Amino acid sequence: MNEDTIAAIATALGEGSIAVVRVSGQNAVDTVAKIFKSKLDLREVPTHTVQYGWIVDPKQDAVLDEVLVTVMKGPRSFTAEDVVEISTHGGIVAVKSVLELVLRNGARLAEPGEFTKRAFLNGRIDLAQAEAVIDLIRSKSDRAFQVARKQAEGALSKKIVPMRQQLIELLAHVEVNIDYPEHDVESVTADFIRENCSSVLTQVNQLLIQSNEGKILREGIVTVIVGRPNAGKSSLLNALARDNKAIVTDIPGTTRDIVEESVSLSGIPLRLLDTAGIRETSDKVEQIGVERSRGALSDADLTLLVLNHHEELHEDERKLLEQLKDRSTIVVVNKIDLPGQLNIEEVERDYSKERIVYLSAKEGQGIEDLEKAVSGLFFSGAVESGDITYVSNARHIALLHQTKQSLEDAIQATHEGVPIDLIQIDLAASWEALGQILGDAAGDSLLDQIFSQFCLGK
C-alpha cells in the first residue's frame, strides 16, 4: 500500500454538466473532509455513500462549489485504497479550483495512470487487466470496446492462469524426479512431458490464431481507397463515414491529396484514406497526389479498388488489378445505378466473387455487402463475440510467441533424449513468459512504460 494520497481530474476538461476530482490513498477521506462542509462529518459516513455539500477554502472561509462527494473505503474501491470522488460543476474553472484546494490540503497530483497502477500493485487487478483499461478508453468501435471490456474483466487472465498451473505442476514433477530420484514418485517420462507441453501449446496457439483479429479490433485496419478519377472514391468514403467528408463533383481529379476518416464497419474500425485518382497527368499538383496515392498503397492493410460500372476498364485499372491481386484487396464496382459498360469477366479472372462488391455509393446501395466482404477477408466471416478471447496487445502477443517457442523446444528436446534437467529450463521459461502477461515480477521500467500511456485521473 502506498502511504501518500494522490488526486487528479478524472473527467475530460471542457464544458459539461459535471466534472470529477478523484482522490485515493490512506488519507483520502481526511484530506477531503478538511474542505468539505456538510451536515455529516465525512470521516464518519458509511462507505459507498454519496454526500451533498459544499467545497470550502478553510483559509478564506469561501465557498468554491456546490458538490456531491462519494466515499468508497478500501479495499472495496478501484485502487483497493480509500477513494473519494468529488463531483463538481463542469467547466475548467470550477474543477481546477477544487483540485488545487485538494492538493493544498494534503494530496499530491497523480502521475498518468497512477490510479490503475495502484489497483495493480495492491492486487485488485493483474497487469493484463490494467492494460485493458487504456484499450477501453481508446476503443474505436463497439466491438473493440467489448473486447477491451472482457479483457478488463479478466478474460485473458482466466486463460493464462490454468496454463501456468499446468506448467508449474509439471515443473514440480520434474524437480522431484531430479532431486529425489530414489523416491517412489510419478515417473517423469518424455511422453508425460510431451503430453503436458502439447496441451498448453494447443491453448497458446489458439490465442495466437485470434491475436491478428484482436489487433485489428484494437488498432483498426488501414484502408486505402484507390481507383481512376471520377470512379466514386470520395462518394464511397462519404457513404461509409455517413457524412460529406470529401468533396464530390463530376470533375475528374477533384481529390488532389489524401483525405482521412475513421469509421466503424460492422464493429470493425477502419482508418479510411481517400486518395487522388491514379492516372497519367500533366498537372503537377495532381501528379504529387497520384504519387502519394501509390505510396499509401504500400502501407495499407486493406485496399478498396473502385471501378466505374458505367465505363469500360481502363489500362490504368488493369495495372492496378494485376498489382493488387495477391494482396488484401476488395474490388468495389461502383455506380451500379447507371447502365453497365464494365466487362466484369476481366476482373473475375484474378478475383473471386467474395472479393468483388457491387454498390452505388451515391444511393447507399450495397454497403452491407462491402461490410460482409471485409469481415470475410479478415475474420473468416462475421466478427465473433461470446466466449472468444481476442489477444490484441502487442506485448501479450510477443510473450505468447516466447511461450510457444519454449514449449516447442521442450517437446523437441524430449524427442532428442535431452536430460530432463535441461528440459526444465524451457519449461520454466514458458511458465515465466506467461507470468509476465499477468505482471508477475514486472520490473519498474516496464510498469512505468505501460502506465505512462494513461491519461491523468485514470
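Here the structure is a predicted model, which is why all the values come from computation and not from measurement.
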Donor-acceptor pair, side chain of [X] and main chain of [Y], under 3.5 angstrom:
X	Y	result
N122	E81	no
Y351	K325	yes
R118	A80	no
D426	S406	no
H310	P339	yes
R228	N308	no
S375	E371	yes
D82	G74	yes

(message) With a 6.0 Å cut-off (strictly less than), is the heavy-atom count around CD of E312, excluding the residue itself, greater than 12?
(response)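 Count not over threshold, so no.
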(message) Would you say that more than 12 heavy atoms from the other residues, nucleotides or ligands in this model lie under 6.0 Å from the CD of E315, or not?
(response)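 It does: E315 CD has more than 12 such atoms within range.
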(request) List the steps and the verdict of side chain to side chain contact (heavy atoms under 4.5 Å, CB included) for I423 and V174. (result) CA-CA 9 Å; I423 298 176; V174 172; over 6 Å; no
What are the two closest non-hydrogen atoms of [X] and [Y], and how far apart are they?
X	Y	value
G227	L305	CA-CD1, 4.2 Å
C197	L170	SG-CD2, 4.1 Å
V83	S77	CG2-OG, 3.6 Å
L103	A7	CD2-CB, 4.2 Å
A148	A132	O-CB, 3.7 Å
A110	A8	CB-CB, 4.0 Å

Residue pair [X] / [Y], side-chain heavy-atom distance below 4.5 Å:
X	Y	answer
L207	H396	no
V98	I9	no
Q151	D135	no
I356	E348	yes
E311	K335	no
S87	V20	yes
L407	L167	yes
T116	I125	yes

(message) Between R149 and E153, does any side-chain N to carboxylate O distance fall below 4.0 Å?
(response)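 So R149 pairs with E153 through a salt bridge.
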(message) Salt bridge check, D337 against K362: does any charged N sit closer than 4.0 Å to a carboxylate O?
(response)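 No, no charged N to carboxylate O under 4.0 Å.
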Approximate separation, where rounding is to 0.5 Å, of [X] [atom1] and [Y] [atom2]:
X	Y	atom1	atom2	value
I225	K233	CD1	NZ	9.0 Å
I221	L302	CD1	CG	6.0 Å
N196	D191	CG	CG	11.5 Å
T202	K404	OG1	NZ	11.0 Å
R124	T79	CZ	OG1	8.5 Å
F192	T414	CZ	OG1	13.0 Å

(message) Applying salt bridge (charged side-chain N to carboxylate O under 4.0 Å, His left out) as the test, list every pair that has at least one member in residues 196-212; sequence neighbours left out.
(response)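 Matches after skipping sequence neighbours: none remain.
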(message) Using salt bridge (Lys or Arg N to Asp or Glu O under 4.0 Å), reason through E322 and K319 one step at a time and then give a plain yes or no.
(response) CA-CA 5 Å; E322 177 64 25; K319 292 178 181 178; over 6 Å; no
(request) Quickly, which of D126, L399, L156, L127 forms a side chain to side chain contact (heavy atoms under 4.5 Å, CB included) with L438? Name it, please. (result)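 The residue from D126, L399, L156, L127 that satisfies side chain to side chain contact (heavy atoms under 4.5 Å, CB included) with L438 turns out to be D126.
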(message) Determine whether Y358 and D369 satisfy the following criterion, side chain to side chain contact (heavy atoms under 4.5 Å, CB included), listing intermediate values before the conclusion.
(response) CA-CA 8 Å; Y358 300 85; D369 294 332; over 6 Å; no
(request) Would you please say whether a donor-acceptor pair under 3.5 Å links the side chains of T70 and E85? (result)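 No, E85 and T70 have no side-chain donor paired with an acceptor closer than 3.5 Å.
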(request) State whether a side-chain donor-acceptor pair under 3.5 Å links Q165 with E169. (result)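 There is such a pair (donor and acceptor under 3.5 Å, judged by atom type) between the side chains of Q165 and E169.
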(request) Check the pair E368 / K372 against salt bridge (Lys or Arg N to Asp or Glu O under 4.0 Å), numbers first and verdict last. (result) CA-CA 6 Å; E368 298 83 0; K372 292 177 182 177; over 6 Å; no
(message) With side chain to side chain contact (heavy atoms under 4.5 Å, CB included) as the criterion, how do R164 and I168 come out once you've worked through the C-alpha distance, each side chain's angles and the decisive distance to 0.1 Å?
(response) CA-CA 6 Å; R164 295 195 80 215; I168 199 66; over 6 Å; no
(message) Please determine whether side chain to side chain contact (heavy atoms under 4.5 Å, CB included) holds for the pair L313 and L321, giving the CA-CA distance in whole Å, both sets of side-chain angles, and the decisive distance to 0.1 Å.
(response) CA-CA 10 Å; L313 204 61; L321 287 167; 3.9 Å; yes
